[in-house]
Number of protein chains: 2
Amino acid sequence: MNLKELADTLGLSPTTVSRALNGYPEVAERTRARVMAAARDHNYRPNARAKGLATGRAMAIGHVIPVSHRHEIVNPVFSDFILGAGEVYQSNGYDMVLSLVDDASQASAYEEIAAKGTVDGILLHAPRVGDPRIEILNGIGLPFVVHGRTSMNDETYSWVDVNNRRAFARATEFLLDLGHRRIALVNGLMAMDFAARRQLGYCDALAARGVAFDPALVRSDEMTETHGYVTARDLLAGSAPPTAFLAASIITALGIRRAVEEKGLVLGRDVSIVTHDDELSYLRNGVDIPTFTAVRSSVRQAGALCAEMLIEAIRCRDTPARHMLLEAELMVGQSTGPAPLQRTG
Amino acid sequence: MNLKELADTLGLSPTTVSRALNGYPEVAERTRARVMAAARDHNYRPNARAKGLATGRAMAIGHVIPVSHRHEIVNPVFSDFILGAGEVYQSNGYDMVLSLVDDASQASAYEEIAAKGTVDGILLHAPRVGDPRIEILNGIGLPFVVHGRTSMNDETYSWVDVNNRRAFARATEFLLDLGHRRIALVNGLMAMDFAARRQLGYCDALAARGVAFDPALVRSDEMTETHGYVTARDLLAGSAPPTAFLAASIITALGIRRAVEEKGLVLGRDVSIVTHDDELSYLRNGVDIPTFTAVRSSVRQAGALCAEMLIEAIRCRDTPARHMLLEAELMVGQSTGPAPLQRTG
DNA sequence: GCCGCCGTCCAAAGCGCTTTGGGAAAGCAG
DNA sequence: CTGCTTTCCCAAAGCGCTTTGGACGGCGGC
């Protein structure tokens with residue numbers, strides 16, 4: 001059933017039916033009611049492609065997911081982010097289209113997406129330090145919002161980010177307050193902007209208390225369980241093992257805990273862990289009391305905020321760039337405790 | 001730059017340019033080369049909406065993700081599945097569009113998607129036992145492939161599934177061989193088809209060895225870390241605790257391990273775990289030797305297979321339904337060992 | 001009674017592409 | 001040279017919708 005057929009059924013012109021359905025005033029209310037009823041009865045939906053062609057709007061938003069061929073890992077927070085964004089899209093009538101793009105063809109991919117006209121805006125994930133994609137997108141002229149930031153020219157584009165620096169400074173301070181002095185940072189890949197900021201926060205807090213920064217205590221890699229495990233096992237086997245760990249994600253923290261417990265140490269007594277917690281739906285941090293002490297910030301909420309910001313940018317194309325810095329909340333759980341008395345050896 | 005402009009630049013008609021770009025034979029090779037070069041130079045891409053309108057093909061595939069409002073959980077395997085499917089789509093020129101649909105509006109959602117015409121086919125996730133969506137989709141007439149199965153009328157639609165029954169029978173046999181008799185099954189939600197099949201496999205294996213089925217040893221819930229932990233803690237605290245656990249996913253297994261180790265028990269000695277392993281990219285099962293003994297089957301590969309099957313179904317609309325049953329592989333890791341001698345009390 | 005306005009509807013153009021149905025030029029055989 | 005096929009190209013219709021620019025009748029004001 002298309003518009004013309006529906007119009008024929010009603011003995012009206014396509015023009016009138018279109019206007020009736022889209023809420024234009026030039027149609028009698030009685031007629032509009034008749035049209036609406038018929039549309040419902042016949043289960044009519046306007047063809048999205050035709051509508052898009054006519055209006056110039058795609059009513060869809062593109063998410064570009066970088067697929068690196070060296071280390072093919074899907075960001076585990078991705079599905080929760082999508083959920084948050086998706087709900088906002090849905091209630092605003094937007095579709096969500098995903099494009100997997102490998103690192104090599106990043107530049108051309110965005111131009112292609114823009115030229116094809118399948119989307120009205122783009123949501124950019126996982127920006128790297130000094131990510132060139134932002135410049136590319138700015139050049140293309142399609143509205144976009146970045147989940148996260150990249151170090152330079154923050155003002156030239158819209159973003160939603162967690163205050164990673166503050167969050168990790170906060171977490172570090174908390175551990176310092178508990179008397180820990182050897183605090184390991186099990187970070188994500190340093191090429192990622194958020195990882196760089198987290199390390200800055202960690203260093204800030206150490207410096208503020210006059211604790212020397214020890215590069216041997218900082219490790220960066222993809223945020224897998226394995227990375228947490230291997231790193232913690234390594235560090236704990238050293239001559240001057242850390243008494244506390246800062247983890248970049250709950251998944252990493254799980255790996256760290258495994259190494260800790262495997263060594264017969266007790267979490268919260270012998271070793272403390274503070275983790276960043278994205279509040280992933282499938283990895284809730286404990287039932288009532290948080291298992292891990294964590295600086296937490298819902299990635300799902302971030303998804304919703306990004307989506308709202310982007311939709312607004314699409315509606316009014318020439319509004320200035322907007323920014324939203326979310327503060328993570330420190331939740332004390334069972335994985336932290338006072339630093340143990342200095343062990344000899 | 002659109003087709004008409006490109007044609008004008010070249011001094012050709014839109015018809016010829018279109019044919020040149022789409023590989024039709026009615027155009028001189030010299031002209032074609034000229035057109036191709038100009039298209040590249042001007043960075044021309046045909047507008048997808050217009051192309052779709054003209055051809056009737058959307059060159060996009062829809063993934064419908066159920067969002068239940070009671071327990072809002074995103075399937076943790078989802079992102080890996082998407083990755084596998086996405087790569088296939090990309091290399092075949094298809095876009096991927098995601099729709100979040102809440103349980104209430106499942107039926108109408110599919111009709112809407114079909115009528116809107118944004119996609120050429122649908123990939124169905126996480127089918128439930130006797131899932132009504134399959135009937136709906138069959139009625140709509142849009143090609144679709146199910147990742148998983150539902151119990152009835154397997155022949156009437158295309159699916160890709162792991163042989164869950166066999167996999168869990170296999171895992172159970174393995175534990176029985178090691179001498180375990182009290183084997184707990186920490187399953188996913190029983191409403192999910194795969195969970196039901198897994199339990200069947202478990203029961204099959206017990207029955208084949210004459211071991212009585214104890215309903216107290218079977219627990220079903222969403223496959224979170226918390227579920228694994230809480231369930232295992234409960235069961236281990238009972239008067240006749242299990243000596244082995246079957247976990248529905250690595251995430252659940254992590255929770256079980258936590259409960260085991262918290263109780264001071266040693267994995268692979270006091271308690272064994274066999275888990276299903278979807279080979280999630282962010283939760284690799286160990287570095288060299290698998291941490292968990294597992295029946296494994298890559299969900300990413302399943303995504304790719306689903307995508308291929310669906311694209312084929314779209315290309316030849318009236319091919320019969322196809323089915324693909326993947327066998328999971330048993331990988332012995334460090335989480336299993338001979339059943340401990342019977343503890344008294 | 002005439003004019004102008006308003007409310008209601010419609011015809012037709014246009015969005016950017018594909019595809020049908022020629023048509024002109026070139027090539028070939030007779 | 002004629003008639004036919006082949007090669008290469010084009011004009012125009014059409015995909016399903018929106019939107020511009022009227023058309024038409026009824027109404028009130030003067």
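Letters go in sequence order (proteins before strands), and every chain restarts at 1. Please read these numbers as outputs of a predicted model, since none were measured by experiment.
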- Could you tell me the separation between the CG atom of L12(A) and the P atom of dG7(C), rounded to a whole number of Å? 19 Å
- Item | Student check: side-chain heavy atoms of R133(A) and L124(A) closer than 4.5 Å | yes
- Message: Using side-chain heavy atoms (C-beta onward) and a distance below 4.5 Å, is I82(B) in contact with I82(A)?
- Response: no
- Note on the structure: residues 76-85 of chain B vs side chain to side chain donor-acceptor pair (under 3.5 Å), sequence neighbours excluded, gives D80(B)-S281(B)
- Mapping V17(B) and N22(A) to their closest nucleotides on DNA chain D, which lands nearer the 5' end? V17(B)
- Item | Residue closer to the 5' end of DNA chain D, R32(B) versus A54(B) (nearest nucleotide) | R32(B)
- Task: Select base, sugar-phosphate, or nothing to describe what R19(B) touches, counting heavy atoms under 4.0 Å on all strands.
- Result: base
- Query: So what does T15(A) hit on the nucleic acid, given a heavy-atom distance under 4.0 Å: a base, only sugar-phosphate, or nothing?
  - Reply: base
Could [X] and [Y] be called an ion pair, given the rule that one side-chain N must be under 4.0 Å from one carboxylate O?
X: R315(B); Y: E312(B); value: no
X: R300(B); Y: E87(B); value: yes
X: D120(A); Y: R57(A); value: no

- Outer limits of DNA chain D sitting under 4.0 Å from a non-hydrogen atom of chain B, read 5' to 3', are dC8(D) to dG16(D)
- Using the ring of each side chain (for Trp, its six-membered ring), is F144(B) parallel, tilted or perpendicular to Y157(B), with breaks at 30° and 60°? parallel
- Query: Can you tell me how far NE2 of H63(B) sits from CG of L310(B), rounded to the nearest 0.5 angstrom?
  - Reply: 7.5 Å
- Degree of bending in the helix from dG1(C)-dC30(D) to dG30(C)-dC1(D) once both end axes are built from five pairs, to 10°: 60°
- Closest to the 5' end of DNA chain C, once E26(B) and M1(B) are matched to their nearest nucleotides, is M1(B)
